[in-house]
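So the structure is just underneath, and the comments pick up after that.
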Amino acid sequence: MLDQFNRNIYYLRIAVTDKCNLRCTYCMPEEGIKLKAHSDILSFEEIEEVVKAAVKLGFYKFRLTGGEPLVRRGIVDLARQLAAIPGVKTLAMTTNGLLLPEYAQGLKAAGLTRLNISLDSLRPERYREITRCGDLNLALAGIKAARDAGFTGTKLNSVLVDKFNDDEKESLASFAEKNGLKARFIKKMDLKSGEFYKVENGEGGDCSICNRVRLTADGKLRPCLFSNYEVDVRSMGAEAALKAVINNKPARGGKSNNREMIEIGG
Ligand code: SAM
Ligand code: SF4
């Protein structure tokens, strides 16, 4: 469906949970976020309804994100349900990879098309510092599990923070090449100040060609990372909410201060 600025909006990013097994410094505050009640989180049936309504409006690309999508119980079943919807051409996932040894094969069999794996450092101590708790070896095992399960075209998402890990850009790029991954570099964004950049080797961050909207785990559709506008799919109904969010998609990002990145899905 076209928005007011003639951009074709066909890509829906779906945050399936607000929980995570890491606590990345740029994504969530140190004290964490107030988690939503179970009853606030969309059920699989409700997510399926949104995806079906989106397909009716011309969407064909979908991505499961979070929080960490792999901590949502039954995630493989959800992937299977969504991949089977006629009109869903791409069903991808963005993950920190830690749980891929457990889920990669199931996800592949369920019809998940592609993975983006987030990894910002190849140095164990730095990885732990960025994620506030993560074990680099588990992330590396996840990357291997994705390959072993037969995923191809996997992207390696690295957030670069000036003067912190930007010195690893080359080593991350060569790690990606050696492991059959496509390196993508994302400069750290700041929702509150409205600082964002084009993604290197990706299409994000360029407002003129933006093609996406976002669904939060608690059922709010958002037209832009850098906007506070959101509509509720439960009270409006999926199709009306999708039309509203597309019609209210701003020409370019501004600022956003009513949710943390972990709640919007990146
Ligand atoms: N937990 C999953 C992961 O980390 O891949 C999916 C959710 S995470 C919010 C999605 C993406 O957003 C990740 O690639 C993450 O690095 C990115 N991200 C989070 N906060 C960011 C920020 N402040 N600036 C740029 N990218 C960010
Ligand atoms: Fe969790 Fe992903 Fe945010 Fe890191 S970037 S805290 S892994 S949701």
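Indexing begins at 1, ligand by ligand and atom by atom, following the structure's order. Keep in mind that the numbers below use all heavy atoms, side chains included, and drop hydrogens, waters and symmetry copies. Heads up: numbering here begins at 1 and tracks the sequence.
Annotation: Asp120 places no N or O atom under 3.5 Å from an N or O atom of ligand 1; distance criterion only. By the 3.5 Å distance cut-off applied to N or O atoms, Gly67 is counted among the residues near ligand 1.
The heavy-atom pair separating Pro69 from Leu64 by the smallest distance is CG-O, 4.0 Å. Shortest non-hydrogen contact noted between Tyr11 and Arg63 is OH-NE, 2.7 Å. The two residues Leu191 and Glu260 have their closest heavy-atom pair at CD1-C, 4.0 Å.
With respect to atom 17 (C) of ligand 1, the closest heavy atom belonging to the protein is Val159 CG2, 4.3 Å. Scanning all protein heavy atoms for the shortest distance to atom 24 (N) of ligand 1 gives Met189 N, 2.8 Å. From the protein, the heavy atom lying nearest to atom 6 (S) of ligand 2 is Cys24 N, 3.1 Å. Remark: minimum distance from atom 3 (Fe) of ligand 2 to any protein heavy atom is reached at Cys27 SG, 2.4 Å. In this structure, atom 22 (C) of ligand 1 lies nearest to the protein heavy atom Met261 CE, 3.5 Å. Counting only heavy atoms of the protein, atom 21 (C) of ligand 1 lies nearest to Tyr26 CD1, 3.4 Å.
For ligand 1, the atoms sitting less than 4.0 Å from at least one non-hydrogen atom of Asn96 are 2 (C), 3 (C), 5 (O), numbered in the order shown with element in parentheses. Those atoms of ligand 1 that come under 4.0 Å of a heavy atom in Thr65, given as number and element, are 6 (C), 7 (C). Of all atoms in ligand 1, numbered sequentially from 1 with element shown, those under 4.0 Å from a heavy atom of Lys188 are 24 (N). Applying the 4.0 Å criterion to heavy atoms of Cys27 picks out, from ligand 1, the atoms 9 (C), 19 (C), 20 (N). Less than 4.0 angstrom separates some heavy atom of Ile186 from each of these atoms of ligand 1: 25 (C), 26 (N). Under a 4.0 Å criterion applied to the non-hydrogen atoms of Asn157, ligand 1 contributes the atoms 14 (O).
By the 6.0 Å and 45° rule, Arg126 stacks over the aromatic ring of Phe164. A cation-pi contact links Lys108 to Phe151, judged by a cut-off of 6.0 Å to the six-membered ring centre and 45° from its axis. Annotation: cation-pi pair Lys169/Phe185 present, NZ/CZ under 6.0 Å from the ring centroid and within 45° of its normal.
Using modelled atom types, one finds a donor on one side chain and an acceptor on the other under 3.5 Å when comparing Asn179 with Arg147. Using modelled atom types and a 3.5 Å distance limit, the side chains of Asn228 and Asn257 yield a donor-acceptor pair.
The closest approach between any non-hydrogen atom of Gly67 and ligand 2 is below 4.0 Å.
Within the set Ser118, Gly265, Gly266, the minimum heavy-atom distance to atom 13 (C) of ligand 1 is found for Ser118. Checking Glu68, Lys155, Arg13 against atom 2 (C) of ligand 1, the nearest heavy atom belongs to Glu68.
Contacts between Cys20 and ligand 2 below 4.0 angstrom, taking non-hydrogen atoms only, involve the side chain exclusively. Heavy atoms of Leu22 found under 4.0 angstrom from ligand 1: none, in either backbone or side chain.
Residues Ser227 and Lys249 fail the side-chain proximity criterion, which asks for heavy atoms closer than 4.5 Å.
The existence of a salt bridge linking Glu68 and Lys19 is excluded, since no basic side-chain nitrogen approaches an acidic carboxylate oxygen closer than 4.0 Å. Residues Arg80 and Asp77 are paired through a salt bridge, judged by an N-O separation under 4.0 Å between the basic side chain and the carboxylate.
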From CA spacing to verdict: salt bridge (charged side-chain N to carboxylate O under 4.0 Å, His left out), Asp206, Lys198: CA-CA 6 Å; Asp206 184 348; Lys198 286 186 189 171; 3.8 Å; yes
